[in-house]
Amino acid sequence: MRTISTRTLVSALTLTLALTSVAACKSEVDDKPKAKTEAAEKAPEKTDDKDAAAAKTYALTTEGSSIGFIGAKMTGDHKGGFDKYEGSATVEGGKLTAISITIEMDSMTSDAEDLTGHLKSPDFSDVANNPKASFTSLSITEKPGENGATHEVAGNLEMKGKANKVTFPATIEVSDAGVHGKAEFSINRKDWGIEYAGKPDDLIKDDVALILDLNFK
């Protein structure tokens, strides 16, 4: 009878565990386009041309809007979002030219009560010292892309006291009634100083997906 050496057995077991870990890591986050992240930039100066004078400003409404996120561990995904936020969208000459959003971080929710508390702690968002997060657009460019994207949006995303410029695809519709925008993309949380690794046997992915569905009226 052929015997299997200890080394061969260990190697096979290690490979099996590795393949199992890879399978466990698969999540919805992996399917989202990665935002390009760079150093934050100064917002462009406003002009006083005739288009700017005729600009319309619409307020972000919570009716029909949502700001959500997906985080992932080795054992699965967790979803959450925010209940309190405000913002505005500026339209000039029938085109969206600016977006600004401010989020109340303490309004964060998730699919597990104990997780929500942990996400608000210094390990993650540290909402006690960083009560707000914000996004201010730098450019909004018409650029067709995958999954029905119509624009490319770039802007400064600030949270936990740190700002970075992010660029991501979005689907934007402008009408007389206002602006509707949708976007799904992922960012690396460590770029904003969120370093908590998770449990040794259930590590947390660096990438977090942001899911935006915004109505400005």
Side-chain angles (χ1 to χ4, degrees), residues 21-41 65-87 99-138 146-147 149 152-170 181-214:
S21 297
V22 169
C25 284
K26 180 64 177 176
S27 80
E28 286 188 54
V29 178
D30 300 329
D31 298 327
K32 309 303 180 188
K34 292 181 182 291
K36 181 181 179 181
T37 302
E38 306 168 273
E41 294 182 6
S65 296
S66 61
I67 298 178
F69 62 85
I70 305 173
K73 302 186 297 183
M74 297 285 288
T75 53
D77 289 357
H78 282 291
K79 297 183 179 182
F82 301 90
D83 293 331
K84 296 181 181 179
Y85 44 86
E86 60 183 13
I99 297 173
S100 64
I101 303 168
T102 300
I103 299 171
E104 300 287 341
M105 293 300 291
D106 197 43
S107 72
M108 184 189 309
T109 62
S110 76
D111 52 16
E113 185 176 351
D114 58 342
L115 174 61
T116 300
H118 194 191
L119 291 175
K120 294 180 181 181
S121 76
D123 283 343
F124 290 94
S125 299
D126 192 11
V127 300
N129 294 305
N130 302 279
K132 297 181 185 294
S134 65
F135 176 79
T136 304
S137 66
L138 296 166
E146 295 181 1
N147 300 317
E152 182 178 81
V153 178
N156 292 331
L157 174 61
E158 181 174 358
M159 59 183 176
K160 205 175 182 182
K162 183 172 183 179
N164 289 300
K165 176 185 175 183
V166 293
T167 303
F168 55 88
K182 299 179 70 174
E184 298 186 1
F185 58 93
S186 69
I187 59 173
N188 187 322
R189 60 190 174 90
K190 290 184 176 179
D191 290 332
W192 283 265
I194 303 174
E195 301 282 349
Y196 184 75
K199 298 179 180 179
D201 60 346
D202 197 10
L203 296 176
I204 300 171
K205 283 181 174 286
D206 292 342
D207 288 344
V208 177
L210 300 180
I211 314 297
L212 311 178
D213 191 341
L214 307 175

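Sequence positions, counted from 1, serve as the residue numbers for this chain. Because only heavy atoms are used, hydrogens play no part in the values below, and waters and symmetry mates are left out as well, while side chains stay in.
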> Distance from Asp201 atom CG to Met74 atom CE, nearest 0.5 Å?
Replying inline: 9.0 Å
>> To check you understand the geometry: which heavy-atom pair defines the closest contact between Ile67 and Leu214, and what is its length?
In response: CG1-CD2, 3.8 Å
> What residues form a salt bridge (charged side-chain N to carboxylate O under 4.0 Å, His left out) with Lys34, not counting sequence neighbours?
Replying inline: Asp207
>> Rounded at 0.5 Å granularity, tell me how far OG1 in Thr136 sits from CD in Glu41.
In response: 13.0 Å
>> Quick check for you: to the nearest 0.5 Å, what is the distance between Asn156 atom CG and Phe135 atom CZ?
In response: 8.0 Å
> Does Asp31 CG have over 12 foreign heavy atoms under 6.0 Å away?
Replying inline: yes
>> Taking atom CD as the centre, does Glu113 end up with more than 12 heavy-atom neighbours from other residues, nucleotides or ligands that are less than 6.0 angstrom away?
In response: no
> Going through the checks in order, is the side chain to side chain donor-acceptor pair (under 3.5 Å) test met by Thr75 and Asp202?
Replying inline: CA-CA 6 Å; Thr75 53; Asp202 197 10; 2.9 Å; yes
> Do you know the tightest heavy-atom contact between Ala183 and Pro169?
Replying inline: CB-O, 3.6 Å
>> Show, in sequence, the C-alpha distance, side-chain angles and deciding distance for Ser107 and Tyr85, and conclude whether the side chain to side chain contact (heavy atoms under 4.5 Å, CB included) test is met.
In response: CA-CA 9 Å; Ser107 72; Tyr85 44 86; 5.9 Å; no
> Would you say Ser134's side chain and Thr102's backbone share a donor-acceptor pair under 3.5 angstrom?
Replying inline: no
>> If I compare all heavy atoms of Ala72 with all of Asp77, which pair ends up nearest, and what's the gap?
In response: CB-OD1, 3.3 Å
>> For Ala197 versus Arg189, what's the shortest heavy-atom pair and its separation?
In response: CA-NH2, 4.3 Å
> Among all residues two or more places apart in sequence or in another chain, which pass the salt bridge (charged side-chain N to carboxylate O under 4.0 Å, His left out) test with Lys84?
Replying inline: none
>> Any heavy-atom pair between the side chains of Lys79 and Glu28 that's under 4.5 Å?
In response: yes
> Would you say the side-chain atoms of Trp192 pair up with the backbone N or O of Leu157, donor to acceptor, closer than 3.5 Å?
Replying inline: yes
>> Applying side chain to side chain contact (heavy atoms under 4.5 Å, CB included) to Lys73 and Leu203, what does each step give before you reach the verdict?
In response: CA-CA 6 Å; Lys73 302 186 297 183; Leu203 296 176; over 6 Å; no
>> Within the structure provided, determine whether His78 and Leu115 are in side-chain contact (heavy-atom separation under 4.5 Å).
In response: yes
>> I'd like to check the side chain to side chain donor-acceptor pair (under 3.5 Å) partners of Glu158; sequence neighbours left out, ordered by chain and number.
In response: none
> Considering only heavy atoms from C-beta outward, does the side chain of Thr109 approach that of Asp83 to under 4.5 Å?
Replying inline: yes
> Just wondering, do Leu212 and Lys182 contact through their side chains at under 4.5 Å, heavy atoms?
Replying inline: no
> Can you name the ring-ring contact (aromatic ring centres under 6.0 Å, His included) partners of Phe69, sequence neighbours left out?
Replying inline: Phe82
>> Is any side-chain heavy atom of Leu210 closer than 4.5 Å to one of Ile187?
In response: yes
>> Strictly distance-based, threshold 3.5 Å: is any side-chain N or O of Asn130 a donor or acceptor partner for the main-chain N or O of Gly161?
In response: yes
> Do Thr37 and Lys165 touch side chain to side chain, with heavy atoms closer than 4.5 Å?
Replying inline: no
> Are side-chain heavy atoms of Leu119 and Met108 found at a separation under 4.5 Å?
Replying inline: yes
>> According to salt bridge (Lys or Arg N to Asp or Glu O under 4.0 Å), does anything in residues 116-131 pair up with another residue at least two apart or in another chain? List the pairs.
In response: Asp106-Lys120
>> Please check this pair: side chain of Lys205 against backbone of Ser27, looking for a donor-acceptor N/O pair closer than 3.5 Å.
In response: no
> Which is it for His118 and Tyr196 under the side chain to side chain contact (heavy atoms under 4.5 Å, CB included) test, yes or no, and what are the steps along the way?
Replying inline: CA-CA 11 Å; His118 194 191; Tyr196 184 75; 3.5 Å; yes
>> Treating Thr116 as the side-chain partner and Ala112 as the backbone partner, does any N or O pair qualify as donor plus acceptor under 3.5 Å?
In response: yes
>> Under the rule for side chain to side chain donor-acceptor pair (under 3.5 Å), what residues qualify as partners of Asn188, not counting sequence neighbours?
In response: none
> Does a side-chain heavy-atom distance below 4.5 Å link Ile103 with Met159?
Replying inline: no
